[in-house]
Amino acid sequence: MEMKQICRAGLILLGLTDTLGVKEGWYDGASIAFAVFLVIVVTAVSDYKQSLQFQHLNEEKQNIQVEVIRGGRRIPVSIFDIVVGDVVALKIGDQVPADGVLINGHSLAIDESSMTGESKIVTKDQKTPFLMGGCKVADGYGTMLVTAVGLNTEWGLLMASISEDNNEETPLQVRLNGVATLIGILGLSVAALVLIVLFARYFTGHTTDSNGTVQFIKGQTSAKSAIFGSIKILTVAVTIVVVAVPEGLPLAVTLTLAYSMRKMMADKALVRRLSACETMGSATTICSDKTGTLTLNQMTVVQSIVGGTKLRSSASPENSSATFESLSRTVTSLVLEGIAQNTAGSVFKAEDGSVEVTGSPTEKAILFWGVELHMNFTEERSKSTILHVSPFNSEKKRAGVAVLAGDSNVHVHWKGAAEIVLALCTNWLDTDGSIHEMTTDKADQFKEYIEYMAEQSLRCVAFAYRTIENDVPSEEQRINWQLPDNDLTLIGIVGMKDPCRPGVREAVELCINAGVKVMARSSPNDKLLLVKALKKRGHVVAVTGDGTNDAPALHEADIGLSMGIQGTEVAKESSDIIILDDNFSSVVKVVRWGRSVYANIQKFIQFQLTVNVAALVINVVAAISSGNVPLNAVQLLWVNLIMDTLGALALATEPPTDQLMMRPPVGRREPLVTNIMWRNLFIQAVFQVAVLLTLNFRGRDLLHLTQDTLDHSSKVKNTVIFNTFVLCQVFNEFNSRKPEELNIFDGVSRNHLFLGVVSITVILQVIIIEFLGKFTSTVRLSWKLWLVSVVIAFVSWPLALVGKFIPVPKTPLKDFLMRCWPKRRKQGDDGATPPV
């Protein structure tokens, strides 16, 4: 990029001192200066707009939602709207949003490694109540009083001294930078060769002007003329370098990433790492959560068994034999006590009688069930005192609480995965309040209930309790108290239903048709092992997760997708993309956009390489054969603007199509330039080179300009070549939109930016030819010659159509060449063909 800017600056100086001298040569210098200025302005404005988009997306990434207790009710609030004095509810996986002090908590453990650098988990209680913003809740739950926000927090002071670098380069950008450098070196080599040939031709008297006069005669040509002639040659060589360096490749990546990220936000996907946009297009397997991703995450209790009897509910009134009111008081009090105390959620009853329930989907379903059982949440909580809490985590799959009941007994309540809690029970509670031994037959009966619910795709949660008398530790010793979970008495089992999300079936089928395997429902540990195994087998794996325990799998996967609604901050920090609506359909849209990013880059590469090859070959062949070039510096800078900046704008912002989901994923090592692209590029480049070189050498005859003066006819011929070349690129932009499809106009009317860029290019080309001839060394063309240019350019459309029927080998060109080279070498060594 820097080399190109230096070359442009050099062109301005060379233009000012062209063969016409300073008085007339300023036209060339001013034209080049304006062209350079135009390219720089358009590129700078484009880069600035993309940087603003990245900045906006980065702000969205930092906008964390937290639960704040205001007016006695829990409400979600942006982290930017928290004020001193707010009471914030914390749970496992949350990020502490500000500095504050602990009001109350249960087994609250904080990971302060982001602040202190120590990996040790710190337990918070009334003796160590201070919390620092930016830390993560590793276990437990509680509430805190905010004492400092923003830059007044310890985290804010730390961040104020650190400037975050958001100029992340994606793998594709790195690859394209390498491609651009390689092509630039090739262009520099060609320019050096042209420079040597032109100097040799000039100083040996083989270069003539437009009138056929030899430009340099030894001993007769003045030093001033020789210097001007040398400058003209140097201008041609420098211009070739400017055209050869494809600076539009990295720009196209930036444009398509910025465009895709903005559109993905509208499709409920927030990109945290740019590289994920590209990698998602290569995904071969998606390991998805079931709850909340494939389902609505709106759980409701539809079946319940208490005291060994199925209860009647609003969901199944006809198949039930008992009501909650028919149970003994002992049973109902234990059920309601277990629901109200063994929970991290809450119930708020408004003045109008409406009920608001907060918590995880499972907690909310159980609390709503309690409300259906006429539970008064506040009253039930006041009947007993919490002594200690064992929060839920995915390893033990249960949560426990020890409470001091009104009768001075200590009850330890457990709830969790039904099969696990049932295995811990040695007794069961009957409807009359009596306790019976859990015999093998009774245990099998409860297992049948669980299996029956599971067959109906219900999530089963069991409730159990036990009473302890003399084993309660003192208050100081309760921090490390392991609640007893043996000899439990089973209270009941509930089955919760979570309906499937609308459109999920179609989304999964779309993935399967696109060659992407979808796997769902596994434990976090199994998910991590699955990701590692799939990656070893060469798969590109995307993983969805919402819990803190999903963080290792999200980090290990090629693309981590966290949930924006139910996802913990730990999960979000470990992910690459946040799915804002927790919907699997949005995951499929991310795959679609990922493929679109890669496809758009390939479209632009095909377009730009075609221009590069054609422009270089035309100028090099003309320069070597005649000593003159048909495309001068100003004209090539205009072509450079078309193929770099305007071309990137037009092709890098193509929206994704359904066709993208009908092809297999892009392989990890699949070449950027496919065989189909090589075929299209070769056809268009050969066509342009053949036609324009024919016009260059035989144009005076073909265009019927022989009756005109040699000088004027040469200008007309070169103007036609320039005009035809530009129009060929305009027509080829349409071809590049659909490298594999026959209908290149499909969806073009919906891409307003593409049509705008093409329209502006054509309008500016007309202005350049008809009104700016003094600056571009062109002359006005008659309508017949305009028609000639348009017809020649139009031929590229049917040519591209015919070319798409030409089959191409599946083996990439690079691999084919690598195979052929050692084969030839071995044949030369021993004269025999090696076995295949």
Side-chain angles (χ1 to χ4, degrees), residues 57-68 74-80 88-97 111 114 134-141 264-265 267-273 276 280 286-299 344-345 358-365 391-394 498 501 504 520-525 527-528 531 541-590:
L57 290 170
N58 192 53
E59 290 173 357
E60 287 290 333
K61 180 175 67 178
Q62 297 172 348
N63 186 13
I64 300 169
Q65 295 290 316
V66 296
E67 276 193 349
V68 175
R74 294 191 182 192
I75 56 174
V77 172
S78 168
I79 193 173
F80 299 120
V88 178
L90 299 173
K91 62 182 182 298
I92 184 170
D94 282 352
Q95 176 177 312
V96 181
D111 179 4
S114 58
C135 300
K136 302 290 190 303
V137 180
D139 200 5
Y141 59 90
M264 286 167 71
M265 272 290 290
D267 283 339
K268 305 300 181 183
L270 172 61
V271 178
R272 297 187 70 254
R273 294 183 179 87
M280 199 63 190
I286 300 176
C287 299
S288 173
D289 285 339
K290 179 182 75 73
T291 304
T293 306
L294 299 177
T295 62
L296 285 171
N297 208 15
Q298 297 173 357
M299 290 190 178
T358 59
S360 68
T362 304
E363 297 275 15
K364 289 169 69 174
F392 178 87
N393 65 50
S394 60
D498 189 8
R501 284 185 181 272
V504 162
R521 200 174 189 184
S522 66
S523 68
N525 290 335
K527 190 185 292 184
L528 179 60
V531 170
V541 186
V543 167
T544 71
D546 54 10
T548 302
N549 49 351
D550 289 322
L554 289 169
H555 182 74
E556 179 69 24
D558 296 289
I559 315 103
L561 303 157
S562 63
M563 301 297 109
I565 299 174
Q566 294 299 327
T568 64
E569 290 307 314
V570 174
K572 292 176 185 177
E573 286 293 324
S574 302
S575 66
D576 305 298
I577 298 174
I578 300 174
I579 305 301
L580 300 177
D581 61 353
D582 293 12
N583 195 338
F584 185 78
S585 297
S586 298
V587 176
V588 179
K589 290 177 182 177
V590 172

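Only a predicted model underlies this, so the values are computations on that prediction, with no experimental measurement involved. Worth knowing before you read on, the calculation uses all heavy atoms, side chains too, and leaves out hydrogens, waters and symmetry mates. Numbering starts at 1 and runs along the sequence shown.
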If you round to the nearest 0.5 Å, how far is [atom2] of [Y] from [atom1] of [X]?
X      : Y      : atom1 : atom2 : answer
Leu270 : Met265 : CG    : CE    : 5.5 Å
Ile92  : Asp139 : CD1   : CG    : 4.5 Å
Ser585 : Leu294 : OG    : CG    : 9.5 Å
Thr544 : Leu561 : OG1   : CG    : 7.0 Å
Asp550 : Leu528 : CG    : CG    : 10.0 Å
Arg272 : Ser562 : CZ    : OG    : 7.0 Å

Answer yes or no: is there a donor N or O on one side and an acceptor on the other, between the side chain of [X] and the main chain of [Y], under 3.5 Å?
X      : Y      : answer
Ser575 : Ile578 : no
Asp558 : Ala542 : no
Asp267 : Ala269 : no
Lys364 : Gln298 : no
Ser574 : His555 : no

Taking all atoms of both residues into account, what is the closest heavy-atom pair of [X] and [Y], and its distance?
X      : Y      : answer
Val66  : Pro97  : CG1-CB, 4.0 Å
Val531 : Val543 : CG2-CG2, 3.3 Å
Ile559 : Ala276 : CG2-CB, 4.1 Å
Phe584 : Ile286 : CE1-CG2, 4.0 Å

Residue pair [X] / [Y], side-chain heavy-atom distance below 4.5 Å:
X      : Y      : value
Glu573 : Lys136 : yes
Phe392 : Thr362 : no
Val88  : Asp94  : no
Val137 : Lys91  : no
Cys287 : Val541 : yes
Gln566 : Thr293 : no
Gln65  : Ser78  : yes

Apply side chain to side chain contact (heavy atoms under 4.5 Å, CB included) to residues Lys268 and Asn583 and explain how you reach the verdict. CA-CA 9 Å; Lys268 305 300 181 183; Asn583 195 338; over 6 Å; no
Salt bridge (charged side-chain N to carboxylate O under 4.0 Å, His left out) between Asp582 and Arg501, worked out: CA-CA 10 Å; Asp582 293 12; Arg501 284 185 181 272; 5.2 Å; no
Can we say Lys290 and Asp498 salt-bridge, meaning some charged N sits less than 4.0 Å from an Asp/Glu carboxylate O? no
Decide yes or no on side chain to side chain contact (heavy atoms under 4.5 Å, CB included) for Ser586 and Leu580, but give the supporting numbers first. CA-CA 9 Å; Ser586 298; Leu580 300 177; over 6 Å; no
One pair to check against side chain to side chain contact (heavy atoms under 4.5 Å, CB included): Met280 and Val587. What are the steps and the verdict? CA-CA 10 Å; Met280 199 63 190; Val587 176; 4.2 Å; yes
Could you please spell out the steps behind the side chain to side chain contact (heavy atoms under 4.5 Å, CB included) verdict for Val590 and Ile579? CA-CA 9 Å; Val590 172; Ile579 305 301; 4.1 Å; yes
